[in-house]
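Step one of this worksheet: look at the structure below.
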Amino acid sequence: MRDSKGVWATMKFHVDARFVEGKDPAPEMAAEIARVNELRGAGVVEQVIRRTDDTGAYLVMEALDAGAIKEALDSLPFAQSGTMTFVVDAVEIL
């Protein structure tokens with residue numbers, strides 16, 4: 001999607017990331033943090049907000065479309081191992 005000046009416009013997404021019950025995230029934690037930091041550096045992940053009940057996190061992400069968000073999430077070690085599930089919603093920052 002392009003904006004009024006013809007520049008590709010990005011979209012914001014809210015992601016509810018939850019640990020799968022019975023899966024131990026510890027073995028993949030360092031790799032997960034490293035990949036999230038790579039996505040931060042690329043401007044895809046804007047914020048990570050850890051849930052205080054230790055069941056997961058909320059993320060604010062930015063990309064051209066939902067397909068790009070899915071691709072980014074699928075690159076996470078927790079997603080690849082089935083340690084975490086993700087619910088993605090397009091949002092608008094007011």
Side-chain angles (χ1 to χ4, degrees):
M1 175 170 69
R2 293 182 186 261
D3 66 12
S4 62
K5 296 179 183 177
V7 176
W8 284 104
T10 58
M11 298 172 62
K12 302 281 186 186
F13 297 86
H14 174 266
V15 180
D16 186 352
R18 300 291 179 116
F19 288 118
V20 173
E21 191 172 330
K23 291 275 197 169
D24 181 9
E28 300 161 325
M29 188 62 75
E32 181 77 7
I33 291 169
R35 181 63 184 136
V36 167
N37 285 335
E38 289 172 2
L39 292 171
R40 275 184 172 158
V44 177
V45 172
E46 290 186 5
Q47 290 185 321
V48 178
I49 305 157
R50 186 179 64 83
R51 294 177 53 89
T52 57
D53 62 4
D54 292 326
T55 60
Y58 297 113
L59 293 84
V60 176
M61 300 178 73
E62 182 173 8
L64 291 174
D65 56 35
I69 294 298
K70 181 178 180 342
E71 184 177 316
L73 292 172
D74 286 348
S75 76
L76 295 172
F78 285 166
Q80 294 171 2
S81 67
T83 301
M84 188 167 260
T85 62
F86 306 92
V87 176
V88 179
D89 292 300
V91 296
E92 181 178 10
I93 305 297
L94 301 177

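For the single chain, residues carry numbers from 1 onward in sequence order.
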Measuring from atom [atom1] of [X] to atom [atom2] of [Y], what distance do you get when rounded to the nearest 0.5 angstrom?
X	Y	atom1	atom2	result
Glu32	Asn37	CD	CG	10.5 Å
Leu59	Leu39	CG	CG	9.5 Å
Phe78	Leu73	CZ	CG	13.0 Å
Thr83	Asp24	OG1	CG	8.0 Å
Glu21	Thr85	CD	OG1	11.5 Å

Run the side chain to side chain contact (heavy atoms under 4.5 Å, CB included) check on Val88 and Met61 step by step: do they pass? CA-CA 10 Å; Val88 179; Met61 300 178 73; over 6 Å; no
What heavy-atom pair brings Gly56 and Met84 nearest, and what distance separates the two atoms?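 Looks like CA-CE, 4.1 Å.
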Of the non-hydrogen atoms in Lys23 and Ser81, which two are nearest, and what is the gap between them?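 For Lys23 versus Ser81, the nearest heavy atoms are NZ-O, 3.1 Å.
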Any side-chain heavy atom of [X] sitting closer than 4.5 Å to one from [Y]?
X	Y	result
Arg35	Ser75	yes
Phe86	Ile69	no
Glu28	Gln80	no
Arg40	Val48	yes
Val91	Val60	no

Fellow cluster residues of Val20, listed by chain then number, with links counted only when side-chain atoms sit under 4.5 Å apart: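 The other cluster members (ILVMFWY side chains, heavy atoms under 4.5 Å, direct or chained): none.
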In this structure, are over 12 heavy atoms from other groups packed under 6.0 Å from Glu71 atom CD?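 No, not enclosed.
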Tell me, yes or no, whether the heavy-atom count around Lys12 atom NZ, taken from other residues, nucleotides or ligands under 6.0 Å, exceeds 12. yes
Linking I/L/V/M/F/W/Y whenever any side-chain heavy atoms sit under 4.5 Å apart, do Ile49 and Leu76 land together?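 No, Ile49 does not connect to Leu76 through the hydrophobic network.
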